[in-house]
Amino acid sequence: MNASLRDRYDLAFTLYPYARSSDQDSASPVRHPVVIVGGGPVGLAAALDLGRMGVPVVVLDDHEGVGAGSRAICFAKRTLEICQRMEAAKPMLDKGIVWNIGKVFHDAGLLYEFNLLPEDGHRFPAFINLQQPYFEKFLYDAIRTEQAKGAPIQIRGKNRVDAMSTEADHSLLDISTPDGGYQIKADWIIACDGAGSPIRSMLGLDFEGRVFQDNFLIADVRMTAPFPTERWFWFEPHFKSGDSALLHKQPDDIWRIDFQLGWEIDREKELCPKNVRARVDAMLGPDIDYELVWTSIYTFQCRRMAKFRHENVIFAGDSAHQVSPFGARGANSGIQDVDNLCWKLKMVLDGSAPERLLDSYHTERAHGADENILNSTRSTDFITPKSDISKLFRNAVLSLSADHAFARPLVNSGRLSVPCVYDGSQLNTADALPDAPMRARPGAPCPDAPLGDGFVLDRLSKGFSLLGINTQIASDEPLHSISVTSKSAPDIAVRYLGDAQTGVYLIRPDQHVAGRWPTYDAQSISRALAMATAQEARDG
Amino acid sequence: MVKLITTQNLSQPDDFYAELLENHNDLSTEDSHALNARLVLLLCNHIGDHEVLQQALAAARQSGGHSDLPSTASRQ
Ligand SMILES: Cc1cc2nc3c(=O)[nH]c(=O)nc-3n(C[C@H](O)[C@H](O)[C@H](O)COP(=O)(O)OP(=O)(O)OC[C@H]3O[C@@H](n4cnc5c(N)ncnc54)[C@H](O)[C@@H]3O)c2cc1C
């Protein structure tokens with residue numbers, strides 16, 4: 001049994017070596033309020049968020065640290081804002097590479113370039129590039145910092161969940177360790193166990209979707225080459241290393257290269273270093289010296305679970321939904337799952353909101369997953385045309401786009417991840433400030449803006465907050481309140497008022513807008529608060 | 001709602017038709033298809049209005065004897 005606890009992948013960082021827990025010596029299974037299965041980016045972020053709120057969490061991972069696998073490299077602004085809320089973003093920004101320019105080529109010609117043109121007055125850029133192992137390591141470091149301050153977070157390495165049975169009000173987990181098996185009980189389980197989710201299989205749940213009939217060779221190479229820090233994407237590249245190719249910079253002089261190989265390939269042959277190098281040589285030219293750091297072949301799919309919550313078992317990250325990586329929506333959406341889930345679970349655990357608040361986790365995040373699946377399916381259909389006619393139109397778009405601006409928006413080499421707006425969520429209160437900008441409508445994440453020496457997002461509380469602009473909030477209002485004027489915070493006025501003269505925003509713990517009004521009214525606020533915490537059924 | 005024009009709107013129908021064919025004369029079937037695809041995209045952009053384009057797609061399907069909605073229209 002122990003022998004089967006062999007690593008499924010190599011580690012980039014060993015962080016939480018196996019250590020025997022007292023639970024393993026207990027005569028009867030010890031019960032925990034929240035157990036997180038899987039210590040990937042999503043599981044670690046969930047542990048950090050809950051731990052910071054004082055919720056005791058146990059993370060079980062079948063490895064002892066972060067996998068070396070080369071996967072996510074692009075982390076979006078919203079992800080960084082969420083990590084900032086959890087005080088984990090600074091090292092990410094320090095280490096990450098900021099980029100704004102993307103170039104799209106067809107054959108040997110440059111079709112056009114785009115600039116992400118970040119708006120001024122935000123703490124974070126639109127994207128950073130950072131190897132996933134670093135991202136996970138920085139989350140782990142933040143967990144260590146919180147643990148030192150007393151946050152009740154335990155991470156158990158080489159603890160593999162092998163079976164789960166569900167009782168009336170808890171689940172029983174069978175866990176393998178190098179010392180043999182043991183059991184624990186959990187009131188709530190967050191399954192962050194990845195795309196192949198064993199928990200999902202244990203519950204016999206479906207995970208249907210589309211597999212794209214194509215293989216992508218991912219090669220991370222180390223080189224000190226003079227290429228600029230830009231995203232370069234080729235359709236039908238002249239160097240013939242694949243049907244499409246991508247070159248993108250990461251920290252430590254590492255470059256992500258990927259080649260689209262087609263469906264009928266001999267994986268083993270393609271992965272042999274000689275053949276990988278032949279493709280890379282053709283792309284970079286003969287004079288560039290480089291070292292192959294990591295290579296792998298992936299096929300991609302787009303799919304999601306029908307329901308993200310099954311009684312006391314909640315799915316987050318790749319276990320709940322999977323997308324092709326064009327658009328960098330995998331880890332980024334998993335972090336948004338965590339952001340959405342943790343405050344709700346905390347309120348339910350505290351008894352300050354009914355359990356049905358957790359159903360809104362499914363509604364809101366399934367909406368996010370559908371948006372991501374739609375976008376990455378469209379990108380994949382463009383990059384990997386699935387019929388002769390779709391290839392015909394794809395190439396028609398490409399040849400027109402060199403000469404005509406109208407065709408450029410049709411070129412789709414990945415629509416990069418933008419945060420999800422929870423339009424239509426049962427937690428939203430109808431918009432009472434329709435003249436204000438759409439980007440700050442109920443359901444949207446709050447736009448960041450400078451405030452004093454810092455940014456408005458820093459000033460929001462761990463619970464619900466009120467933001468009043470050019471109007472008074474009653475001094476006996478129990479919620480954490482921020483008051484600004486167009487004068488003291490001009491960017492806030494632009495982003496939150498637009499054509500409106502005054503405004504009051506009710507903001508959720510995950511920094512999404514719950515409701516907005518022209519002026520403060522205690523009754524409206526308390527009704528919206530009840531709505532946003534599922535205390536009240538939606539009227540109408 | 002703007003309606004797709006399906007009554008006579010070409011100022012020189014015979015000339016247009018001849019020029020359409022002339023532009024394909026020197027092309028292989030494959031290149032002809034590609035030319036048509038570019039032409040469709042240019043014209044669609046000129047029209048711009050999404051509802052008119054939807055009506056055009058439906059009208060084109062109908063005259064070909066296909067139902068006016070593709071069977072894959074169920075995707076999201
Ligand atoms: C080539 C590629 C490029 C990508 N690029 C991007 C990008 O640029 N941006 C982006 O946002 N996303 C990207 N992604 C997606 C991203 O890598 C994933 O979405 C992300 O890793 C999902 O995190 P997770 O925590 O849900 O799952 P995982 O990272 O898969 O973590 C699951 C964890 O659960 C553990 N586990 C599994 N079974 C058990 C068990 N029985 N018991 C205990 N532990 C268990 C695993 O060991 C693992 O540690 C990319 C993916 C690929 C393949």
Side-chain angles (χ1 to χ4, degrees), chain A residues 106-107 111-112 208-212 235-236 301-304 306 321 323-324 327 329 366-382 385-412 415 420 423-424, chain B residues 1-6 9-11 16-76:
Chain A
H106 186 202
D107 197 348
L111 290 181
Y112 68 97
E208 306 261 305
R210 268 180 74 187
V211 176
F212 295 99
F235 292 98
E236 304 183 319
Q301 33 223 309
C302 282
R303 52 188 184 171
R304 79 155 164 95
H321 44 74
V323 293
S324 71
R329 287 162 185 270
H367 171 68
D370 287 344
E371 211 171 84
N372 288 325
I373 288 171
L374 179 66
N375 278 293
S376 62
T377 299
R378 287 175 171 174
S379 303
T380 313
D381 283 343
F382 195 88
K386 60 180 186 301
S387 65
D388 291 342
I389 192 73
S390 78
K391 183 152 188 177
L392 181 76
F393 273 110
R394 200 278 302 266
N395 286 352
V397 166
L398 292 177
S399 41
L400 286 167
S401 70
D403 300 328
H404 303 291
F406 90 85
R408 287 168 204 161
L410 298 174
V411 175
N412 192 338
R415 299 279 181 247
C420 179
D423 282 322
Chain B
M1 183 171 91
V2 189
K3 255 192 84 100
L4 176 74
I5 301 171
T6 54
N9 191 40
L10 294 161
S11 55
F16 157 70
Y17 194 72
E19 282 164 36
L20 180 65
L21 292 192
E22 268 162 36
N23 275 286
H24 283 279
N25 267 344
D26 58 335
L27 302 183
S28 66
T29 306
E30 198 183 333
D31 288 346
S32 263
H33 284 315
L35 180 83
N36 278 341
R38 291 194 297 275
L39 194 60
V40 165
L41 293 168
L42 280 161
L43 297 175
C44 287
N45 179 64
H46 185 83
I47 293 166
D49 188 301
H50 192 70
E51 281 181 3
V52 174
L53 295 175
Q54 286 178 321
Q55 294 168 51
L57 283 167
R61 284 184 65 89
Q62 252 166 9
S63 298
H66 314 293
S67 65
D68 59 353
L69 265 189
S71 55
T72 51
S74 59
R75 2 176 189 145
Q76 287 101 338

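In what follows, chains are A, B, ... by sequence order, proteins preceding strands, each numbered from 1. Only a predicted model underlies this, so the values are computations on that prediction, with no experimental measurement involved.
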Which portion of A:L410 sits near chain B, non-hydrogen atoms under 4.5 angstrom:
side chain
Look at atom CG of B:L20 and say whether more than 12 heavy atoms of other residues, nucleotides or ligands are closer to it than 6.0 Å.
yes
Between atom CG of A:N395 and atom NE2 of B:H33, what is the distance when rounded to the nearest 0.5 Å?
14.5 Å
State whether the number of non-hydrogen atoms from other residues, nucleotides or ligands found under 6.0 Å of A:D403 atom CG is greater than 12.
yes
In terms of heavy-atom contacts, B:R38 and A:L400 come closest through O-CD1, 3.7 Å
Can you name the nearest heavy-atom pair linking B:L42 to A:F406, along with the distance?
CD2-CE2, 3.5 Å
